[in-house]
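Below is one structure, written out as structure tokens; comments come after it.
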Amino acid sequence: MDDARQLPRLVEQLRHSLGIQQKQDIQLAAQYFRPGTRSLESLSGAFGGLERSADPPVLLGDDCAAIWQGDRHLLFAAEGMLPSLVEAEPWFAGWCAVMVNVSDIYAMGGHPIAIVDALWSPSPAASQELWTGLQAAAAAYGIPVVGGHTNCHSPYAALSVAILGQAQQLITSFHAQAGDVLLMAIDLRGQPFKHYPFWNAATTTDPQRLRDDLSLLPIVAEQGWCDAGKDISMGGVLGTALMLLETSQCGAVIDLEAIPRPPSLDVYPWLHHFPSYGFLLSVRPHQVERIQAQFHGRDLHCEAIGRVDDSQQLTLTWGAETAMLWNLVEQPLTGWAPSGDR
């Protein structure tokens, strides 16, 4: 803990952490698909050639692609599992492939509809644990697997999953604004999964509780209480905050002491953890208490950890110390910041 109070040293470690470095890999996609918006005109063939020019654009850089359907948004996302995790922990990789996709749908205020998978393995026997983990998570979250791709003659094992969902009102990465309060909602009723930076509050939890806890996100969206946020991903809460700020073209000050964490973990390792249930919401100040009440009512943490500003920098505080973690103007993270003036 004493080392963590040396904030400049901590900031330097965070800047070079693997979770944040991996987020910079997304810049490669941004080079091929222009940051900002894509018109639905480019998708007209998928809609039978109907004229869609008046529809909202699809924003690139969110947790899911949100495609307007006239009365709701269709949500579409996909995730690939780390090859090392698939190899070493196939059951858990199968579970996580479902979990992370489900989290993306709920993070945008949506409800999942169905998933498809793409699985490669050297043999049917080698794929068994992947299948059982995927099947267990699909049952726990109540999401049907409706198709996919299977190859059991591959020289390696790999797994990816795509998901379809829908939302009436969106929580997006593009709507944070100066003056918002950053709320971190998280389930701390769990433990680290082995030696991985993963906080597991899912695999042994009652499935109904999993689904009910996630349903809070579409509730706060549909009530109009929150329209900006993301699920906390492999970059941890700070990497997630950077992605949210980049697409919203904002900055923020985050108090490291305010971040809820389990007593068993010190600040630095906790900042690298990917929680099975974790969301960062950017909330207008007058909505903070009613949103917190929803999460606290289900024994979930939902704490104010910072405030959004217009600096396009992420600044951290720890006690009396202050240090800038990232300047998004000088150094983009994912490259998905909208082009042009805000």
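Values reported hereafter were calculated over all heavy atoms of this structure, with side chains retained and with hydrogens, waters and symmetry mates removed.
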Could you give me the CA-CA distance, side-chain angles and deciding distance for C96 and E89, then say whether side chain to side chain contact (heavy atoms under 4.5 Å, CB included) is met?
CA-CA 10 Å; C96 287; E89 301 288 346; over 6 Å; no

Side chain to side chain contact (heavy atoms under 4.5 Å, CB included) between L85 and F198: does it pass, once the steps are laid out?
CA-CA 12 Å; L85 185 67; F198 178 80; over 6 Å; no

Report the C-alpha distance between E12 and R15 in whole Å, list the side-chain angles of each, state the deciding distance to 0.1 Å, and finish with yes or no for salt bridge (charged side-chain N to carboxylate O under 4.0 Å, His left out).
CA-CA 5 Å; E12 191 63 23; R15 284 175 182 161; 3.3 Å; yes

Checking side chain to side chain contact (heavy atoms under 4.5 Å, CB included) for the pair M243/L333: CA distance, chi angles, key distance, verdict?
CA-CA 7 Å; M243 289 189 289; L333 184 69; 3.7 Å; yes

Run the numbers on M108 and L170 for side chain to side chain contact (heavy atoms under 4.5 Å, CB included), then give the verdict.
CA-CA 5 Å; M108 291 193 64; L170 290 180; 4.2 Å; yes

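Cluster membership check: V145 shares its hydrophobic cluster with L119, using side-chain heavy-atom separations under 4.5 Å among Ile, Leu, Val, Met, Phe, Trp and Tyr. Note on L280 and I171: separate hydrophobic clusters, where clusters join Ile, Leu, Val, Met, Phe, Trp and Tyr whose side-chain heavy atoms are under 4.5 Å apart, directly or indirectly. Cluster annotation: L182 is connected to V11 through the hydrophobic network of ILVMFWY side chains, with a link wherever side-chain heavy atoms come within less than 4.5 Å. Cluster annotation: L300 is connected to F279 through the hydrophobic network of ILVMFWY side chains, with a link wherever side-chain heavy atoms come within less than 4.5 Å. The same ILVMFWY cluster, assembled from side-chain heavy atoms under 4.5 Å apart, contains both V283 and L217.
Although no hydrogens or angles enter the test, the distance criterion places no donor-acceptor pair under 3.5 Å between the side chain of N101 and the main chain of I115. The backbone N or O of V253 lies less than 3.5 Å from no partner atom in the side chain of T315, so there is not a single donor-acceptor pair. The backbone N or O of C302 sits less than 3.5 Å from a side-chain atom of Q292, completing a donor-acceptor pair. With hydrogens and angles ignored, the 3.5 Å screen pairs no side-chain donor or acceptor of W225 with any backbone N or O of I219. Put simply, the side chain of H301 never gets that close to the backbone of M184: no donor and acceptor are under 3.5 Å apart. Between the Q169 side chain and the D227 main chain, no donor and acceptor come within less than 3.5 Å of each other. Side-chain N or O atoms of W326 include one that pairs as donor or acceptor with a backbone N or O of Q331 at under 3.5 Å.
Taking each heavy atom of L7 and L316 in turn, the nearest pair found is CD2-O, 3.4 Å. For the residue pair G142 and P144, the shortest heavy atom distance occurs at O-CD, 4.0 Å. Taking both residues in full, the closest heavy atoms of Y277 and D213 are given as OH-O, 2.8 Å, listed atom of the first, atom of the second, then distance. V308 and S282 make their closest contact through CG2-OG, 3.5 Å (heavy atoms, listed as atom of the first residue, atom of the second, distance). Contact between W131 and D117 at its shortest, heavy atoms only, is CH2-OD2, 3.6 Å. Contact detail for A93 and L159: the closest heavy-atom pair is O-CD2, 3.9 Å.
In this structure the side chain of V116 reaches within 4.5 angstrom of the side chain of V146, judged on heavy atoms. Contact of the S160 side chain with the W120 side chain is registered, since non-hydrogen atoms from C-beta on lie closer than 4.5 Å. Considering only heavy atoms from C-beta on, W199 stays 4.5 Å or farther from I232 through its side chain. Counting heavy atoms from C-beta on, the side chains of L14 and Y268 come closer than 4.5 Å. Counting heavy atoms from C-beta outward, R261 and L265 have side chains that stay 4.5 Å or more apart. With a 4.5 Å cut-off on side-chain heavy atoms, I259 and L271 count as touching. Counting heavy atoms from C-beta on, the side chains of Q313 and N327 come closer than 4.5 Å. Contact check for V237 versus I305: side-chain heavy atoms found under the 4.5 Å cut-off.
Using modelled atom types and a 3.5 Å distance limit, the side chains of K230 and S173 yield a donor-acceptor pair. No donor-acceptor contact under 3.5 angstrom links the side chains of N151 and S154, judged on distance only.
Salt bridge D180/R284: present, at least one basic N to carboxylate O contact under 4.0 Å.
Taking CD of Q22 as the reference point, atom CG of L82 lies at 6.5 Å (rounded to 0.5 Å). Note: R189 CZ to N200 CG = 13.0 Å, rounded to the nearest 0.5 Å. How far CG of D310 is from OG of S248: 13.0 Å, rounded to the nearest 0.5 Å. Between the CG atom of L281 and the CG atom of L183 there is a distance of 6.0 Å, given to the nearest 0.5 Å. Taking OG of S121 as the start and CD of E87 as the end, the distance is 11.0 Å to the nearest 0.5 Å. In this structure, the separation between OH on Y106 and CG on L216 is 10.5 Å, given to the nearest 0.5 Å.
In H149, the NE2 atom is crowded: over 12 heavy atoms of neighbouring residues, nucleotides or ligands sit closer than 6.0 Å. Residue-environment remark: CD (Q27) exceeds the threshold of 12 foreign heavy atoms within 6.0 Å. Under a cut-off of 6.0 angstrom, the local environment of CD in Q208 is crowded, with over 12 non-hydrogen atoms contributed by other residues, nucleotides or ligands. Summarising the local packing, CZ of F193 is surrounded by more than 12 heavy atoms from other residues, nucleotides or ligands at distances under 6.0 Å. No more than 12 heavy atoms of other residues, nucleotides or ligands lie within 6.0 Å of CD in E289, so this atom counts as exposed by the packing criterion. At most 12 non-hydrogen atoms from other residues, nucleotides or ligands lie less than 6.0 angstrom from CD of Q128.
Just one of H111, R72, Q69 meets the side-chain hydrogen bond (donor to acceptor under 3.5 Å, both in side chains) condition when paired with Q166; it is R72.
By the side-chain hydrogen bond (donor to acceptor under 3.5 Å, both in side chains) test, T334 pairs with E246, sequence neighbours left out.
For Y196 and F92, the ring centers sit 6.0 Å or farther from each other.
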